[in-house]
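A short worksheet on the structure shown next.
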Amino acid sequence: MKFQTPRGTRDILYPEVEYKNYIFEKSRELFKIYGFKEIVTPTFEQTEVFTKGIGEASDIVSKEMYTFKDRKGRSLTLKPEGTAPVVRSFIQNKMYGKPLPIKLFYCSQMFRYERPQAGRSREFSQVGVEILGTIDPLADVEVISLVINLYKELGITQTKLFINSMGCRNCRRDYLKDLVNFLKIRSKKLCKDCNFRIKKNPLRVFDCKNENCKQILADSPTLKDYICSECKEHFEKVLKGLKSLNISYQLNDRLVRGFDYYTKTVFEVTTPELGAQDAICGGGRYDYLIEDYGGPPTFAVGVAIGVDRTANVMMNMSIKPFPEKNIEVFIITINDELKEKASILLDKLRGNKISSDMDYCNRSLKGQFRMADRLKVKYVLILGEKELADNKVSLKEMETGQQLHINYDNVINYMKDKINVR
RNA sequence: GUGAACGUAGCUCAGCUGGUUAGAGCGCAGGAUUGUGGCUCCUGAGAUCGCGGGUUCAAAUCCCGUCGUUCACCCCA
């Protein structure tokens, strides 16, 4: 019987895991500088936490969730995104009673039952931030500048920021009415998918890749023209704020994000380093979500950053995360009887924070040296009968090939000096 | 959920239109150097040819199914 990871999941091995850790570390660091506090929400939630906010009609809820029943028959779902759980927690823990805004960040695995593809798997990591309790456009600006700065910090500079305003419920109501009328008149010319979208979620027609549909949609009413004065003013302030921080952006009034909870500002950052799945983060404002979840009316804005995709960008760009750390000392024994002695010495070295290792595969002397070479160690300690008879060990410096005897009792201090000097 | 390509040693691949014991390079282990790595040379280990079924005298090769991978669509990080 051979086991393997379930479809769309994988083992993250060294050195890729180092990229992930690096991104987590840098994100945490930066988020804290911006005044965010970490929150860890459960891996699974009551299914309604997601269905209500993301939208029953959305792709994620309708076909991409890992939903299961527990032994008491409760419907639970592995989290497909981070915002809904944070909102649930905000309300459950009555954070609205604290001085606002509340600034939270998370680093977590997400799960979506999707067809795997480059840059998309069924389990993936996201880091994200949420600012709850303010409608200030500068909060939107902060979130966006935060991700831009994070990418800069990680060495990713070739990014493109797309931004749009989805308006509030008032302006969207009028717009949707006119858009649906526009689409219905042309429904015969539109593709099957688009006709389905008209009923399901008309805004989704703008995602259509069909050239014919694209052409028809070029003349469609745009949300931009329906935006109420309040939303318009808000959006302009966001753009102004971005400009003042020298963040370049591209307006894209076709940008519609996949969660129904978004209002006003929505944005997405893409990179030319990836394939078809080129968005490395996405976010926006969700001013009704908290209220809809039974909390007090609270405005909020947030972003989610794809860690795996970001790691891929770094790898494609040959950006190194942490400097490579090799073992410092490798212990070699002339014969197997000395292995136990080596193990004692090894324990002492490690006790003194000197990273070290030895062979456990009964390799020949030559094999042990090859091993040491492969591990790129600087020093090899050789335990041999000749040396030990005089209470000594041999120390070989691998780069130069130079070898000398040192007192067994002195080994630790000698090695400590050697390594600290470097 | 839709479409396409692919699945042969640890890795990268060869194996033409079915025909004996399935190969190479790299890697791994040992040796040449009876106590010394990186170069070279020699030797060796390692493959139920993804899995199941079918066609055939004969299947890694053809057919069907299945699982998986990859890429794209949908959608999204």
Side-chain angles (χ1 to χ4, degrees), chain A residues 1-10 23 54-55 57-64 79-83 108-128 147 191-194 196-197 200-201 203-210 255-259 268-271 274-283 303-313 330 332-335 338 359 361-388 393-403:
Chain A
M1 174 69 107
K2 253 189 184 173
F3 294 115
Q4 56 185 6
T5 55
R7 174 147 214 224
T9 68
R10 71 208 172 99
I23 293 165
I54 299 169
S58 71
D59 273 27
I60 287 188
V61 169
S62 62
K63 58 184 186 191
E64 294 174 7
K79 59 180 157 187
E81 63 102 33
T83 300
S108 172
Q109 306 299 97
M110 303 297 169
F111 307 86
R112 290 181 201 168
Y113 191 91
E114 292 185 278
R115 194 85 169 255
Q117 176 186 341
R120 182 163 62 200
S121 53
R122 292 182 173 183
E123 180 182 20
F124 57 97
S125 300
Q126 286 187 338
V127 296
V147 295
C191 73
K192 213 170 63 188
D193 285 342
C194 279
F196 185 60
R197 290 177 179 116
K200 199 169 110 182
N201 192 343
L203 289 173
R204 297 267 160 252
V205 295
F206 295 114
D207 291 336
C208 192
K209 301 291 189 288
N210 187 305
L255 179 66
V256 181
R257 300 202 42 82
F259 306 118
E268 196 168 280
V269 175
T270 65
T271 159
L274 297 177
Q277 310 306 322
D278 60 353
I280 45 177
C281 79
V303 65
I305 297 154
V307 174
D308 310 75
R309 284 186 192 175
T310 303
N312 282 340
V313 175
F330 195 77
I332 284 175
T333 59
I334 296 301
N335 61 48
L338 295 167
D359 168 60
C361 290
N362 291 322
R363 262 180 255 264
S364 64
L365 188 66
K366 188 205 285 271
Q368 292 182 67
F369 268 99
R370 253 205 297 268
M371 194 76 199
D373 195 59
R374 270 190 304 236
L375 292 170
K376 295 179 186 156
V377 300
K378 288 278 191 303
Y379 304 101
V380 164
L381 284 171
I382 304 151
L383 302 193
E385 275 136 357
K386 283 186 218 160
E387 294 93 328
L388 285 168
V393 299
S394 289
L395 171 67
K396 179 166 181 172
E397 198 164 337
M398 290 300 271
E399 266 171 45
T400 61
Q402 281 178 345
Q403 198 166 316

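A, B, ... follow the sequence lines: proteins, then strands. Residue 1 opens every chain. Just so it is clear, the model here is predicted, and its values are computed rather than measured.
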Whether A:R370 contacts B:rG27 is assessed here as follows: a side-chain N or O lying under 4.0 Å from the phosphate OP1 or OP2. Is that the case? no
Can you measure A:D359 atom CG to B:rG30 atom P for me and round it to whole angstrom units? 9 Å
Please write out each protein N/O paired with an N/O of nucleotides 66-70 of chain B under 3.5 Å, distance rounded to 0.1 Å.
| unit_1 | atom_1 | unit_2 | atom_2 | d |
| --- | --- | --- | --- | --- |
| B:rU69 | OP1 | A:G8 | N | 3.4 |
| B:rU69 | OP2 | A:R7 | NE | 2.8 |

Whole Å only: how far is the CD1 atom of A:I382 from the C1' atom of B:rG37? 10 Å
Contact class for A:S121 (heavy atom, under 4.0 Å): base, sugar-phosphate, or nothing? base
Pick the C1' atom in B:rU20 and in B:rG15, then give their distance to the nearest Å. 15 Å
Check the side chains of A:Q402 and A:E397 for a donor-acceptor pair under 3.5 angstrom, ignoring hydrogens and angles. no
Distance between the P atoms of B:rC71 and B:rU12, in whole angstroms? 14 Å
For the student: nearest non-hydrogen atoms of A:V147 and A:C281, plus distance: CG2-SG, 4.1 Å
Remember a base hit wins even if backbone is also touched, and classify A:E387 as base, sugar-phosphate or nothing at under 4.0 Å, heavy atoms. base
Report the C-alpha distance between A:T9 and A:E123 in whole Å, list the side-chain angles of each, state the deciding distance to 0.1 Å, and finish with yes or no for side-chain hydrogen bond (donor to acceptor under 3.5 Å, both in side chains). CA-CA 6 Å; A:T9 68; A:E123 180 182 20; 5.7 Å; no
Let's test your reading of the model: under 3.5 Å, does the base of B:rC75 pair with the side chain of A:E64 as donor and acceptor? no
Taking the same atom, P, in B:rU33 and in B:rC51, what whole-Å distance lies between them? 44 Å
Confirm from the modelled atom types if A:D373 and B:rG38 form a donor-acceptor pair under 3.5 Å, side chain to base only. no
Say we look at B:rA29 and B:rG10: how far apart would their P atoms be, to the nearest angstrom? 15 Å
Take A:Q277 and A:F369, find for each the nucleotide of RNA chain B with the closest heavy atom, and name the residue whose nucleotide sits nearer the 5' end. A:F369
Looking at every strand, decide which applies to A:I332 at a 4.0 Å heavy-atom threshold: base, sugar-phosphate, or nothing. nothing
Where the side chain of A:L365 is defined as all heavy atoms beyond and including C-beta, which of B:rC75, B:rC28, B:rU36 is the nearest nucleotide? B:rU36
Closer to the 5' end of RNA chain B via nearest nucleotide, is it A:Y113 or A:E385? A:Y113
Given the structure, check if the side chain of A:K366 and the base of B:rU36 hold any donor-acceptor pair shorter than 3.5 Å. no
Could you tell me the separation between the CD atom of A:E399 and the C1' atom of B:rU36, rounded to a whole number of Å? 17 Å
Any side-chain donor-acceptor pair under 3.5 Å between A:N335 and A:E385? yes
Between A:E387 and A:S394, does any side-chain donor sit less than 3.5 Å from a side-chain acceptor? yes
Looking only at atom types and distance, does a side-chain atom of A:Q368 sit under 3.5 Å from a main-chain N or O of A:T333, one as donor and one as acceptor? yes
Just the rounded figure in Å: distance from C1' of B:rC28 to CD of A:Q368. 16 Å
Heavy-atom closest pair (A:P116 atom, A:G8 atom, distance to 0.1 Å) is CG-CA, 3.7 Å
If we take the P atom in both B:rC57 and B:rA4, what is their distance in whole Å? 33 Å
A:R122 to A:Y113, cation-pi by 6.0 Å centre distance and 45° axis angle: yes
Distance, rounded to the nearest Å, where A:R363 contributes CZ and B:rG31 contributes C1': 16 Å
Distance between P atoms of B:rG54 and B:rA47 (Å, rounded): 26 Å
Distance, P atom - from B:rA22 to B:rC64, rounded to whole angstrom: 27 Å
Contact class for A:R374 (heavy atom, under 4.0 Å): base, sugar-phosphate, or nothing? sugar-phosphate
Is it true that A:K366 and A:D373 make a salt bridge, defined as a side-chain N closer than 4.0 Å to a carboxylate O? no
Paired with B:rA45: which nucleotide, if any, by Watson-Crick or G-U wobble criteria at under 3.5 Å for both distances? none
Touch check for A:Q403, heavy atoms < 4.0 angstrom, all strands: base, sugar-phosphate only, or nothing? base
Nearest-angstrom distance from the residue atom CE of A:M371 to P of B:rG30: 11 Å
Please name the nucleotide paired to B:rA32 by Watson-Crick or G-U wobble geometry with both distances under 3.5 Å, or report none. B:rU40
Scan A:E114 against the nucleic acid and name what it touches under 4.0 Å (heavy atoms): base, sugar-phosphate only, or nothing. base
Both distances under 3.5 Å, Watson-Crick or G-U wobble: report the partner of B:rA4, or none. B:rU70
Across the strands shown, which category fits A:I334 at heavy-atom distances under 4.0 angstrom: base, sugar-phosphate, nothing? base
Carefully, step by step, assess A:R112 and A:D59 under the rule salt bridge (charged side-chain N to carboxylate O under 4.0 Å, His left out). CA-CA 10 Å; A:R112 290 181 201 168; A:D59 273 27; over 6 Å; no
Any strand, both distances under 3.5 Å, Watson-Crick or G-U wobble: B:rG18 pairs with none
Determine: side-chain N/O of A:S364 to OP1/OP2 of B:rG31, distance under 4.0 Å, yes or no. yes
Interatomic distance at P, B:rC6 relative to B:rG53, whole Å: 24 Å
With sugar-phosphate meaning primed atoms plus P, OP1 and OP2, does A:G401 contact a base, only sugar-phosphate, or nothing at under 4.0 Å between heavy atoms? base
Paired nucleotide for B:rG25 [Watson-Crick or G-U wobble; both distances under 3.5 Å]: B:rC11
In whole angstrom, what separates A:L395's CG from B:rU36's C1'? 13 Å
Residue among A:I332, A:I382, A:L383 satisfying side-chain contact (heavy atoms from CB on, under 4.5 Å) with A:V393: A:L383
Separation of A:K63 atom NZ from B:rU2 atom P, in whole Å? 10 Å
Could you tell me the Watson-Crick or G-U partner of B:rA58, where both distances fall under 3.5 Å? Say none if there is no partner. none
